[in-house]
Structures are given as structure tokens and as C-alpha cells.
Amino acid sequence: MKSYKAYLSIGSNLGGRAKNLEDAIALLKRAEGVSVERVSRIYETRPWGNLDQPPFLNIAAVVTASVEPIALLDACQSVENRLGRVRHEHWGARTMDIDILMADGYEMETERLKIPHPYMTERAFVLVPLVEIAPDLRVNGKNVAEWLKLLDKEETAGVEEYH
């Protein structure tokens, strides 16, 4: 299979958040058919959806994948599971969340996977780290830097570099 670039959003708001992100990248680097190319800095972000939960740490990553997008999703979910992800509340607190945002050459909408990610252009916690590593990535006719400029200032104010 021909390889392609995929763009991931990775977040954690339970446990050792920064260590969870570090561990997620390490596990992705060992996943079959996945090569991690770039990783953004870490950003601390207010929760989205369910607001009654701790703040998140978020990063974006660019990977080269030589497996179909569903197999990439399986690899991402395997990492989530190894890091203690429990799926009991939509948009709730979690040790690990990995979303496939885009995959070059793919558009799909299945029950398990939608590419491009349907909410990526509405979420500062996705766009801020993604703009850092892929500002010219085009989504629905605009690059991610343009999408970020369209967001409400209050939304973007909730995303700060983590030290």
C-alpha cells in the first residue's frame, strides 16, 4: 500500500497528563505501519463539550502511515486502551484521546471513522497545535491557519502553551 500523511489530535486530562502524551507518542512510534514525523508543543486547554472536568493537555502529530485509515484508527485505539482509556461518557474526562483529523488522499464517513474529522475546524484545542506543525494543511477549502482565525477569541484564549 502507498503511504500517506495523517494528522492526529492527542489529548489527556486524567492522571499524569504530560506523561500520557509522551507515552502515546512512544507507542505510536512502535505501531506497525506508522511513523511519527512531527509533534507539536504541548498546550493546556479548557474542556470542550462537558465543561465539568479537569483541563486537557493537547498536542498534534503528523504521521506517515502505510496502513489503511481503519488500521491506523485501530492502532490509535490500541494506544488509548494501553493508556487506560475507558469509554463511558461522550466528551468526558479521559486518560487518552487520539483522533485522526485528516489523511492525505482520503475522505470517508463510516460509523467508526470520519475523515476529515467533522469538528476539527471548530475546536481551538485541535487547531492551535495543528497550525504549529502543518499551517498550510487544507480542510474544506481553507488552510488550518485560516480556520483558526475564524474562531471566537474567547475560544482561542482557552488554549495556552504548557510549561
Side-chain angles (χ1 to χ4, degrees), residues 3-50 53-104 106 112-135 137 139 144-145 147-148 151 155-156 158-163:
S3 62
Y4 60 94
K5 290 215 180 301
Y7 303 83
L8 308 178
S9 178
I10 305 171
S12 174
N13 74 336
L14 292 178
R17 301 173 303 160
K19 177 84 165 86
N20 290 343
L21 297 177
E22 181 183 312
D23 290 348
I25 294 299
L27 289 168
L28 284 169
K29 285 180 176 178
R30 294 200 307 259
E32 187 174 332
V34 179
S35 174
V36 177
E37 304 295 333
R38 291 193 72 194
V39 178
S40 73
R41 291 174 292 207
I42 299 173
Y43 294 87
E44 187 163 44
T45 64
R46 291 190 291 237
W48 194 94
N50 174 3
Q53 60 182 313
F56 276 83
L57 291 185
N58 289 94
I59 58 175
V62 179
V63 301
T64 298
S66 59
V67 295
E68 294 290 335
I70 290 294
L72 176 59
L73 176 64
D74 290 339
C76 292
Q77 290 180 341
S78 174
V79 169
E80 290 177 339
N81 292 339
R82 287 193 59 189
L83 295 175
R85 167 87 187 246
V86 178
R87 297 174 189 277
H88 55 76
E89 181 184 2
H90 192 55
W91 291 329
R94 50 200 163 248
T95 55
M96 181 52 47
D97 184 39
I98 304 175
D99 288 328
I100 300 172
L101 303 172
M102 294 281 295
D104 288 349
Y106 290 92
R112 289 190 63 210
L113 181 60
K114 293 175 179 59
I115 298 175
H117 189 286
Y119 305 114
M120 69 178 285
T121 59
E122 302 169 17
R123 297 176 173 170
F125 70 85
V126 169
L127 292 174
V128 170
L130 189 58
V131 164
E132 178 188 325
I133 61 172
L137 177 65
V139 182
V144 291
W147 282 112
L148 181 58
L151 290 183
E155 173 84 10
T156 58
V159 180
E160 297 179 358
E161 190 174 348
Y162 180 74
H163 300 283

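What you are looking at is a predicted structure, and each value in this text was computed from that prediction instead of being measured. Atom set for the values below is all heavy atoms of this structure, side chains included, hydrogens, waters and symmetry mates excluded.
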Problem set entry | Results of side-chain hydrogen bond (donor to acceptor under 3.5 Å, both in side chains) for Thr121 - residues two or more places apart only | none
Seminar exercise, completed: Smallest heavy-atom separation, Ser12 atom then Thr95 atom, equals OG-O, 2.6 Å
Exercise. If only atom types and distance count, is the side chain of Glu161 paired as donor or acceptor with the main-chain N or O of Arg41 below 3.5 Å?
Worked result: no
Problem set entry | Leu101 and Leu137, any side-chain heavy atoms less than 4.5 Å apart | no
Seminar exercise, completed: Rounding to 0.5 Å, atoms CG (Leu130) and OH (Tyr43) come to a distance of 10.5 Å
Problem set entry | Asn20 side chain to Met96 backbone, donor-acceptor under 3.5 Å | no
Problem set entry | Closest non-hydrogen atom pair between Val139 and Pro116, with its separation | CG1-CB, 4.3 Å
Problem set entry | Ile100 side chain near Leu8 side chain, heavy-atom distance below 4.5 Å | yes
Problem set entry | Atom of Asn58, atom of Gly11 and distance for their closest heavy-atom approach | ND2-CA, 3.5 Å
For this session: Of all the heavy-atom pairs spanning Ala103 and Ile115, show the shortest one and how long it is.
Result: N-CG2, 3.6 Å
Exercise. Hey, are the side chains of Val39 and Leu21 touching, using non-hydrogen atoms and a 4.5 Å cut-off?
Worked result: no
Problem set entry | Atom pair CG (Leu113) and CD (Glu68), whose distance is rounded to the nearest 0.5 Å | 11.0 Å
For this session: Supply the atom-to-atom distance Leu14 CG to Leu57 CG, rounded to the nearest 0.5 angstrom.
Result: 11.0 Å
For this session: Keeping the roles fixed (side chain from Ser3, backbone from Thr64), state whether a donor-acceptor pair exists under 3.5 Å.
Result: no
Seminar exercise, completed: All heavy atoms of Thr156 vs all of Leu148, minimum pair found to be CG2-CD1, 3.8 Å
For this session: Mark yes or no for whether Ser9, through its side chain, and Val126, through its backbone, hold a donor-acceptor pair below 3.5 Å.
Result: no
Exercise. Is there a donor-acceptor pair under 3.5 Å between the side chain of Thr45 and the backbone N or O of Val159?
Worked result: no
Seminar exercise, completed: dist Ser78:OG -> Leu28:CG (nearest 0.5 Å) comes out at 9.5 Å
Exercise. Is it true that Arg17 and Glu44 make a salt bridge, defined as a side-chain N closer than 4.0 Å to a carboxylate O?
Worked result: yes
Problem set entry | Distance-minimising heavy-atom pair for Ile10 and Ala24 | CG2-CB, 4.2 Å
Exercise. Who pairs with Lys114 by salt bridge (charged side-chain N to carboxylate O under 4.0 Å, His left out), at least two apart in sequence or on another chain?
Worked result: none
Seminar exercise, completed: To the nearest 0.5 Å, atom CD of Glu122 lies from atom CG of Leu151 at 8.5 Å
Exercise. Can you tell me how far the CD atom of Glu32 sits from the CG atom of Leu72, to the nearest 0.5 Å?
Worked result: 12.5 Å
Exercise. Tell me, do Phe56 and Phe125 make a side-chain contact under 4.5 Å, heavy atoms counted?
Worked result: no
Problem set entry | Tyr4 side chain to Val67 backbone, donor-acceptor under 3.5 Å | yes
Problem set entry | Under the side-chain hydrogen bond (donor to acceptor under 3.5 Å, both in side chains) test, residues paired with Asp23 that sit two or more places apart | Lys19
Exercise. Is there a donor-acceptor pair closer than 3.5 Å between any side-chain N or O of Trp147 and the backbone N or O of Leu127?
Worked result: no
